[in-house]
Amino acid sequence: MADQVITRFAPSPTGFLHIGGARTALFNWLFARHAGGKMLLRIEDTDRERSTDAAIAAILDGLTWLGLRWDGEVIHQFQRASRHREIAEQLLAAGKAYYCYATPQELDDMRAKARAGGRAPRYDGRWRDRSPSEAPPGVKPVIRLKAPQTGETVLDDQVQGRVAWANENLDDLVLLRSDGTPTYMLAVVVDDHDMGVTHIIRGDDHLTNAARQMQIYQALDWQMPIMAHIPLIHGADGAKLSKRHGALGIDAYRAMGYLPAALRNYLVRLGWSHGDKEFFTTEAMIETFDLAHVGRSPARFDFLKLENMNGHYLRASRNEDLVAALVETWPHLPDRNDMPRTLDARQQAKLLAAMPGLKERAKTLLELRDGAAFLFAARPLALDDHAASILEGGGRAHLAHLLPRLADLRQWTPAATEAVVRNYAEEMNLKLGQVAQPLRAALTGRATSPGIFEVFDVLGREESLGRLQDQLP
RNA sequence: GCGCCCAUCGUCUAGCGGUCCAGGACGUCGCCCUUUCACGGCGAAAACACGGGUUCGAGUCCCGUUGGGCGCGCCA
């Protein structure tokens with residue numbers, strides 16, 4: 001199994017799983033699936049200050065909701081600290097790393113001076129060739145990599161192509177902090193190696209890191225995984241996705257009523273393409289996904305297109321599945337006090353009955369739910385003078401033909417029938433004349449209007465009917 | 001400031017030297033369907049950032065300019 005592809009998704013649990021991370025996970029997942037390999041999940045929690053359990057939970061939950069299953073146990077980087085330290089010391093013993101006693105203050109000054117002088121703010125290597133015997137008292141050293149100072153570090157990236165850095169532009173990075181904990185650079189390299197990762201697919205904000213990590217691989221004489229740095233996702237204004245244009249957690253997308261499959265489809269098309277094809281089933285995605293067709297320019301996130309795509313998925317979904325999805329998503333949707341908090345079997349059945357028409361005019365589960373509001377509205381609706389005045393409008397002539405048929409069909413009195421229709425019009429925010437068309441369609445069996453009989457059924461319930469009749473002249 | 005990456009319609013993108021007076025999708029606009037709202041159908045406007053090369057021929061290759069982005073921590 002030496003040839004098995006192993007990818008990994010390695011988020012740091014300092015916040016929620018954002019959309020860019022979700023896409024990175026998706027690409028890793030697709031690539032692994034395509035190759036019949038595995039995607040591992042590693043939580044990069046070496047920053048103890050900022051890592052939280054809540055963030056870890058949110059990440060796992062987000063991935064699960066998106067349908068991206070990782071393989072094997074979740075690996076927590078922090079638990080591997082002793083292994084990282086061991087490697088740092090091994091490097092030290094081999095003369096590939098050294099103790100550096102420069103204080104944080106000293107480093108700040110160094111960087112400030114470099115910037116002022118128009119040079120890159122890099123560590124100047126002042127302890128690189130000094131003997132530890134010169135160490136100042138009371139300063140705990142860090143361990144730095146003795147990186148090559150000449151030549152270049154060349155990365156063959158699957159997405160970015162050949163990228164080269166002059167080694168003089170790369171400084172001696174810290175491997176082990178003065179408190180003995182590993183830095184991210186070291187931990188990533190050691191973990192990816194130990195986990196047998198064959199392909200690293202991550203955001204291109206890591207591109208420069210790749211060069212530095214490459215130097216660690218070389219010092220260790222380890223084989224480099226294949227790298228693929230994918231472009232970042234930007235906000236609508238082209239700038240990096242940040243809080244101000246709602247750098248949203250993946251759970252926010254659930255709360256907005258997007259279907260996981262639709263979001264996956266939208267995300268995979270952000271930066272990757274397969275000719276003109278827009279829609280992919282999960283199977284097709286796995287089948288056709290490749291690194292070769294990942295673009296190199298950043299993509300802007302477009303909610304309108306996501307919404308459109310979600311609408312397609314909604315309409316293509318089976319009614320039963322939508323009811324199930326709605327029931328599952330219900331608690332995540334924003335509250336509405338005119339809606340039940342949970343749906344009982346009867347309400348679900350009602351939803352199912354109304355679904356064919358409902359899903360035609362919704363783009364998200366949220367719209368679907370709001371569109372179904374009439375099913376759960378309190379009965380009877382209040383009738384007012386305004387409704388009565390609408391009744392005087394031009395639509396009446398048409399309705400005059402239809403009402404008797406409805407009355408006949410429902411076994412209602414003419415007056416009750418008219419009240420019901422009037423109520424329906426008001427509730428659907430329609431002029432009375434506009435009711436004629438859906439009503440006719442419903443009566444003739446061409447039910448283009450959603451659940452119109454469902455509405456009538458609700459409105460026409462015995463008790464409501466009685467009260468409605470009381471209100472009629 | 002230094003390093004690296006990027007650059008086709010408003011947006012996502014196809015395009016891997018000729019088949020591109022540039023194709024698809026979202027959005028926009030118009031028409032049709034429908035006496036509602038949607039859905040659906042048809043159609044339109046809309047792009048190769050700029051300047052130099054290379055070549056018989058460049059959206060496609062090279063260089064530069066401009067404009068974006070990322071990185072430059074004892075954060076990840």
Side-chain angles (χ1 to χ4, degrees), chain A residues 10-14 44-47 49-51 77 100 102-104 107-108 111 114-123 140-144 155 157 159-161 163-166 168-171 173-179 181-185 187-188 203-212 229 231-232 234 236 238-240 266 269-279 292-293 295-309 311 315 357-363 367 371 394-395 398 425 428-438 440-441 448-450:
Chain A
S12 65
T14 52
E44 313 227 306
D45 54 355
T46 51
D47 184 347
E49 295 295 307
R50 300 196 295 156
S51 298
Q77 191 160 60
C100 168
T103 62
L107 294 171
D108 282 349
R111 279 189 273 266
R115 269 182 205 278
R119 282 168 285 115
R122 278 181 264 112
Y123 174 68
K140 283 201 169 164
V142 299
I143 295 180
R144 283 182 186 273
L155 172 67
D157 192 277
V159 171
Q160 304 290 334
V163 185
W165 293 262
E168 59 186 55
N169 290 324
L170 270 13
D171 61 3
L173 64 275
V174 173
L175 298 171
L176 207 65
R177 302 186 187 110
S178 53
D179 65 359
T181 60
T183 60
Y184 163 78
M185 286 301 170
V188 167
D204 71 6
D205 49 336
H206 284 288
L207 193 55
T208 312
N209 290 339
R212 324 194 73 186
H229 288 89
L232 268 16
H234 288 179
K240 188 186 181 182
Y266 176 71
R269 286 283 294 105
L270 230 44
W272 175 80
S273 61
H274 188 69
D276 285 340
K277 206 165 155 55
E278 295 281 349
F279 287 92
H293 291 88
R296 288 196 265 178
S297 52
R300 302 184 188 199
F301 195 89
D302 181 5
F303 273 102
L304 252 18
K305 186 156 184 175
L306 203 213
E307 209 166 272
N308 173 278
M309 201 161 241
R315 269 170 265 126
L358 247 26
K359 72 180 181 186
E360 287 300 313
R361 59 214 67 214
K363 291 198 172 78
E367 289 178 9
H398 292 284
M428 299 299 277
N429 197 22
L430 299 175
K431 289 180 183 159
L432 204 51
Q434 296 173 320
V435 178
Q437 184 268 328
R440 182 172 54 196
T448 61
S449 185

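In what follows, chains are A, B, ... by sequence order, proteins preceding strands, each numbered from 1. What you see is a predicted model; the values in this text were computed from it and never measured.
Comparing A:Arg269 and A:Asp276 along RNA chain B, the residue whose closest nucleotide (by nearest heavy atom) sits nearer the 5' end is A:Arg269.
OP1 and OP2 of B:G73 both lie 4.0 Å or more from every side-chain N or O belonging to A:Arg144. One finds no side-chain N or O of A:Arg212 lying less than 4.0 angstrom from the OP1 or OP2 phosphate oxygen of B:G71. For B:C74, the OP1/OP2 oxygens have no side-chain nitrogen or oxygen of A:Thr183 closer than 4.0 Å. For A:Arg50, no side-chain nitrogen or oxygen approaches OP1 or OP2 of B:A76 to under 4.0 Å. Within the structure, a side-chain polar atom (N or O) of A:Asn308 is placed less than 4.0 Å from OP1 or OP2 of B:G27. Within the 4.0 Å cut-off from OP1 or OP2 of B:C39, at least one side-chain nitrogen or oxygen of A:Lys363 is found.
Comparing the P positions of B:C16 and B:C62 gives a spacing of 16 Å, expressed to the nearest Å. Straight-line distance between the C1' atoms of B:G64 and B:C21: roughly 29 Å, to the nearest whole Å.
Residue contacts shown for A:Met185 include a base, since a base heavy atom lies under 4.0 Å away. Within 4.0 Å of A:Val174, counting heavy atoms only, lie sugar-phosphate atoms of the nucleic acid but no base atom. Counting any heavy atom pair closer than 4.0 Å across all strands shown, A:Ala210 reaches no nucleic acid atom. Using a 4.0 Å heavy-atom criterion, one finds that A:Ser273 contacts the sugar-phosphate atoms exclusively.
B:G1 is paired with B:C72 under the Watson-Crick or G-U wobble criterion, all donor-acceptor distances under 3.5 Å.
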Verdict with supporting geometry, A:Asn169 and A:Arg122, side-chain contact (heavy atoms from CB on, under 4.5 Å): CA-CA 8 Å; A:Asn169 290 324; A:Arg122 278 181 264 112; 3.6 Å; yes
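For A:Phe301 and A:Tyr266, the ring centers are positioned less than 6.0 Å apart.
Here B:C72 is the nucleotide among B:G15, B:A76, B:C72 with the atom lying nearest to any side-chain atom of A:Arg122. Among B:C70, B:U11, B:U13, the nucleotide with an atom closest to any side-chain atom of A:Arg300 is B:U11.
A donor-acceptor pair under 3.5 Å is formed between the side chain of A:Thr183 and the backbone N or O of A:Leu175.
With hydrogens and angles left out, the side chain of A:Arg361 and the base of B:C37 share a donor-acceptor pair within 3.5 Å. Contact annotation: side chain of A:Asn209 to base of B:A76, donor-acceptor pair present below 3.5 Å. One cannot find a donor-acceptor pair under 3.5 Å joining the base of B:G71 and the side-chain atoms of A:Asp205.
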Annotated protein contacts, base or backbone, on nucleotides 3-8 of chain B with a non-hydrogen cut-off under 4.0 Å, one of B, S, - each: BSSSS-
